[in-house]
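Accompanying notes for the structure given below.
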Number of protein chains: 2
Amino acid sequence: MSRQPTEPKSARLKMADIAKLAGVSTSTVSRALAGNPSIPQALRDQISELARTHGYVINQSARSLRLQRTHTIGLIVPLGHERDQLITDPFFLEMIGRLADEITGRGYEVLLNKVVAPRADWLRRIVQSHRSDGLLIIGQSDQHEALNALADTYRPLVVWGGDIAERRYCTVGSDNVAGARLATQHMIAQGRRRIAFLGLPGAPEVELRREGYLQALREAGLSPYPELSAPAHFTIESAEPSVRALIDSGATFDGVLAASDLIAVTAINTLTAAGRTVPDEISVVGFDDISLARYSAPPLTTVRQDLATGARTMVDLLFRRIEGASTESVFMTPELVVRGT
Amino acid sequence: MSRQPTEPKSARLKMADIAKLAGVSTSTVSRALAGNPSIPQALRDQISELARTHGYVINQSARSLRLQRTHTIGLIVPLGHERDQLITDPFFLEMIGRLADEITGRGYEVLLNKVVAPRADWLRRIVQSHRSDGLLIIGQSDQHEALNALADTYRPLVVWGGDIAERRYCTVGSDNVAGARLATQHMIAQGRRRIAFLGLPGAPEVELRREGYLQALREAGLSPYPELSAPAHFTIESAEPSVRALIDSGATFDGVLAASDLIAVTAINTLTAAGRTVPDEISVVGFDDISLARYSAPPLTTVRQDLATGARTMVDLLFRRIEGASTESVFMTPELVVRGT
DNA sequence: AGAACTAACGCAATCGATTGCTAAAAGTTC
DNA sequence: GAACTTTTAGCAATCGATTGCGTTAGTTCT
């Protein structure tokens with residue numbers, strides 16, 4: 001049968017070992033460690049003490065198998081829309097940090113899962129592997145349909161993203177349309193007339209921000225300029241060529257709405273390097289309000305998303321869903337932070 | 001015995017179900033899915049296809065229990081030295097992102113574990129819970145002794161941190177002393193004479209950077225100024241009061257070495273708000289070279305740590321240790337990036 | 001044809017913890 | 001002291017996958 005697997009010297013302690021030491025059965029140890037009142041307090045204390053001094057901790061694989069619960073939340077970053085393999089956008093990183101804080105704060109573990117170029121059944125595979133009790137998805141990427149399909153049969157799922165049509169999964173996010181509209185209106189109010197939009201279509205949130213941008217133009221009686229649109233990715237490296245291409249196209253513009261702060265900062269740098277001045281000649285507004293925005297030169301005007309609240313809300317909703325409740329999606333109203341651009 | 005646990009309708013598929021469908025035993029299904037050549041190719045394909053169409057995926061809890069392997073790496077962020085509960089420093093976040101990329105790139109899962117105000121036995125508990133096959137610790141925090149104790153009996157462990165005395169665990173990091181020395185020498189070469197150090201003692205990396213700073217002063221024949229030292233934390237919120245206190249103390253200084261970029265940027269802002277000019281009056285140098293450094297105003301001069309290489313090295317070493325090999329620690333030579341401060 | 005092999009696959013034990021049922025021990029009541 | 005209740009704790013099944021050993025059927029050789 002099975003051979004001695006690993007652990008050469010330092011014996012793996014199991015519950016049976018503690019049971020033997022305490023002179024009771026494993027049932028009793030299990031109940032004692034779980035604080036079950038059918039074991040007298042004195043015995044419970046004695047067993048707990050024994051476990052502590054011997055450094056015994058319950059084996060989580062065995063526990064998860066038996067209980068069909070893992071005490072773990074899966075944190076998933078789908079990168080279907082990005083060629084780049086790395087998690088580099090500070091917004092995503094900060095989101096991961098905050099969600100991890102919220103989850104560990106509730107005593108759960110975090111299983112971090114980056115998914116690049118997903119296969120059709122990737123979500124189901126994650127669910128079926130039974131490694132987590134619930135899933136948080138950071139960004140819809142281009143996986144809207146996969147999420148819809150999953151949501152029909154899998155309840156404990158909350159997605160950070162935009163409010164797009166035909167959405168059947170529970171979502172938390174900002175009102176992207178309103179945010180972009182706000183930003184665009186601000187530039188128009190400053191007298192800008194030819195405003196470019198930087199962002200790679202594909203991710204719903206970018207599409208929605210573009211939608212808000214177009215709305216604001218329309219409301220101001222301005223017609224959108226198809227040539228003033230650059231497919232900037234969400235990484236510094238890939239955004240720069242797009243901005244440069246826009247400059248080189250010879251198109252004239254006096255404002256830029258970027259789909260993210262990272263793109264905005266890249267735009268500022270590229271524009272400045274090309275001899276344009278920000279904000280005198282060209283005004284730039286970002287989206288997210290990552291910490292970088294406050295420190296860029298000049299400080300970036302941007303649309304603020306409240307990540308702290310967003311993360312807390314996501315985790316709240318997820319735990320309610322794990323308990324079987326139904327939950328409504330939540331979209332927060334973003335806020336324009338006017339700084340120097 | 002055990003009641004119907006969860007899953008009301010959508011049946012949990014198990015290997016036995018696939019076995020029944022295929023008209024074979026679970027042994028055969030297990031071997032087929034594992035690609036075991038003792039099962040004929042045709043049958044293997046047929047079983048795999050059956051599993052795919054029915055959306056069957058191996059239950060990882062059961063697999064881990066049986067194999068005594070979890071196919072998971074634990075990523076641990078100890079926050080013993082910070083009052084703050086949140087993972088906010090961009091350096092840590094970027095480190096998490098890069099490590100996660102490296103680990104998932106090798107087909108392993110990432111279990112993210114933030115540990116605040118650790119109890120004495122926290123590390124052993126994590127190990128004994130058998131949730132991961134190896135541990136990566138991001139930063140020594142104030143847990144040097146705990147790490148030493150663990151390393152004596154637990155092999156698959158790699159720590160990001162500084163090269164401190166009596167260290168028995170495998171470590172990857174920068175030569176913090178050399179980095180800080182370089183930065184300080186640079187400021188001295190620029191004619192700065194009264195250079196302050198900002199950083200909270202407690203974390204070894206900060207101590208080492210302070211050591212390098214003192215070395216450079218000594219080498220230049222300058223005596224250190226005890227009053228020019230502020231215990232800045234690693235978050236924006238807590239670093240600012242320290243800087244302000246330094247300013248308010250009335251001490252004169254013409255240079256600042258910060259223990260991290262976040263502290264440096266905070267210092268610049270606080271100094272500027274107090275009417276001092278950077279770098280004319282006061283020169284500021286940071287440590288880490290996070291992306292923010294490049295975009296701050298003015299762009300931050302800083303000591304660059306190569307995170308990409310660091311993360312890759314850590315994961316490489318860890319996997320070698322998991323396979324039973326012994327490994328040497330690695331300390332990279334940091335590089336001074338001269339920008340505008 | 002019979003012996004000697006090999007290929008294919010099933011049996012059943014195992015990983016470690018949980019828990020419904022039940023039995024023994026202890027305590028109450030009349 | 002009998003009958004009954006309550007307390008305490010063990011038995012054994014269970015979660016789902018893996019794998020050493022053994023069995024059956026099929027080949028090859030003498």
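Letters A, B, ... mirror the listed sequences (proteins, then strands); counts begin at 1.
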If the condition is side chain to side chain donor-acceptor pair (under 3.5 Å), which residues does Thr327(A) pass it with, not counting sequence neighbours?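 Here the qualifying residues are Arg321(A).
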Could you work out, with side chain to side chain donor-acceptor pair (under 3.5 Å) as the rule, every residue matching Gln60(A), not counting sequence neighbours?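 Gln60(A) satisfies side chain to side chain donor-acceptor pair (under 3.5 Å) with no residue once adjacent residues are dropped.
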In this structure, how many angstroms lie between the [atom2] atom of [N] and the [atom1] atom of [X], rounded?
| X | N | atom1 | atom2 | answer |
| --- | --- | --- | --- | --- |
| Leu13(B) | dA17(D) | CG | C1' | 14 Å |
| Asn59(B) | dT18(D) | CG | C1' | 13 Å |
| His71(A) | dT18(C) | NE2 | P | 12 Å |
| Asn36(A) | dT19(C) | CG | P | 9 Å |
| Leu65(A) | dG16(D) | CG | C1' | 6 Å |
| Gln41(B) | dC9(C) | CD | P | 13 Å |
| Asp17(B) | dC15(D) | CG | P | 11 Å |
| Lys14(B) | dG16(D) | NZ | P | 4 Å |

Who passes ring pair (Phe, Tyr, Trp, His ring centres under 6.0 Å) against Tyr108(B), sequence neighbours left out?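 Checked Tyr108(B) against ring pair (Phe, Tyr, Trp, His ring centres under 6.0 Å); matches are His71(B), Phe319(B).
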All N/O pairs under 3.5 Å across the protein-nucleotides 8-10 of chain D interface:
from, atom 1, to, atom 2, distance (Å)
dG10(D), OP2, Ser25(A), N, 2.8
dG10(D), OP2, Ser25(A), OG, 2.5
dG10(D), OP2, Thr28(A), OG1, 2.3
dG10(D), O5', Ser25(A), OG, 3.4
dG10(D), N7, Arg31(A), NH2, 3.4
dG10(D), O6, Arg31(A), NH2, 2.7

Is Val159(B) close to Met314(B) at the side-chain level, that is, under 4.5 Å between some pair of heavy atoms?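 No, side chains not in contact.
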Could you check whether any side-chain heavy atom of Asn148(B) comes within less than 4.5 Å of a side-chain heavy atom of Asp152(B), counting everything from C-beta outward?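 Asn148(B) does not reach Asp152(B) side chain to side chain.
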Not counting sequence neighbours, list each pair that qualifies as a salt bridge (Lys or Arg N to Asp or Glu O under 4.0 Å) and has a residue in [range].
| range | result |
| --- | --- |
| residues 23-38 of chain B | none |
| residues 44-54 of chain A | Glu49(A)-Arg52(A) |
| residues 121-134 of chain B | Arg119(B)-Asp121(B), Asp121(B)-Arg125(B) |
| residues 307-316 of chain A | Glu102(A)-Arg312(A), Arg106(A)-Asp316(A) |

Is the distance from OP1 or OP2 of dG16(D) to the nearest side-chain N or O of Arg63(B) less than 4.0 Å?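 For dG16(D), OP1/OP2 do not have a side-chain N/O of Arg63(B) under 4.0 Å.
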Verify the contact: side-chain N or O of Tyr56(B) to OP1 or OP2 of dG16(D), cut-off strictly under 4.0 Å; return yes or no.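 It does not, given that no N or O in the side chain of Tyr56(B) lies less than 4.0 Å from OP1 or OP2 of dG16(D).
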Any ring pair (Phe, Tyr, Trp, His ring centres under 6.0 Å) involving residues 17-63 of chain A? Give me the pairs, sequence neighbours left out, ordered by first then second residue.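 Passing the test, one end in residues 17-63 of chain A: no pairs.
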Which residues satisfy the salt bridge (charged side-chain N to carboxylate O under 4.0 Å, His left out) test with Asp163(B), sequence neighbours excluded?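 Once residues adjacent in sequence are excluded, the partners of Asp163(B) under the salt bridge (charged side-chain N to carboxylate O under 4.0 Å, His left out) criterion are Arg167(B).
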Compare the minimum distances between each of dA17(D), dC15(D), dG16(C) and the side chain of Gln68(A), then state the nucleotide with the smallest one.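 Closest of the options to the side chain of Gln68(A): dC15(D).
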Step-by-step side-chain contact (heavy atoms from CB on, under 4.5 Å) determination, Val115(A) to Val77(A): CA-CA 6 Å; Val115(A) 186; Val77(A) 186; over 6 Å; no
Mind listing the N/O atom pairs, protein and nucleotides 23-28 of chain C, below 3.5 Å?
none

Hey, does Ile58(A) reach any base, or is it just sugar-phosphate, or nothing, if we go heavy atoms under 4.0 Å?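 Contact class for Ile58(A): sugar-phosphate only.
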The helix from dA1(C)-dT30(D) to dC30(C)-dG1(D): angle between its terminal axes, five pairs each, to 10°?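 The angle separating the two end axes equals 50°.
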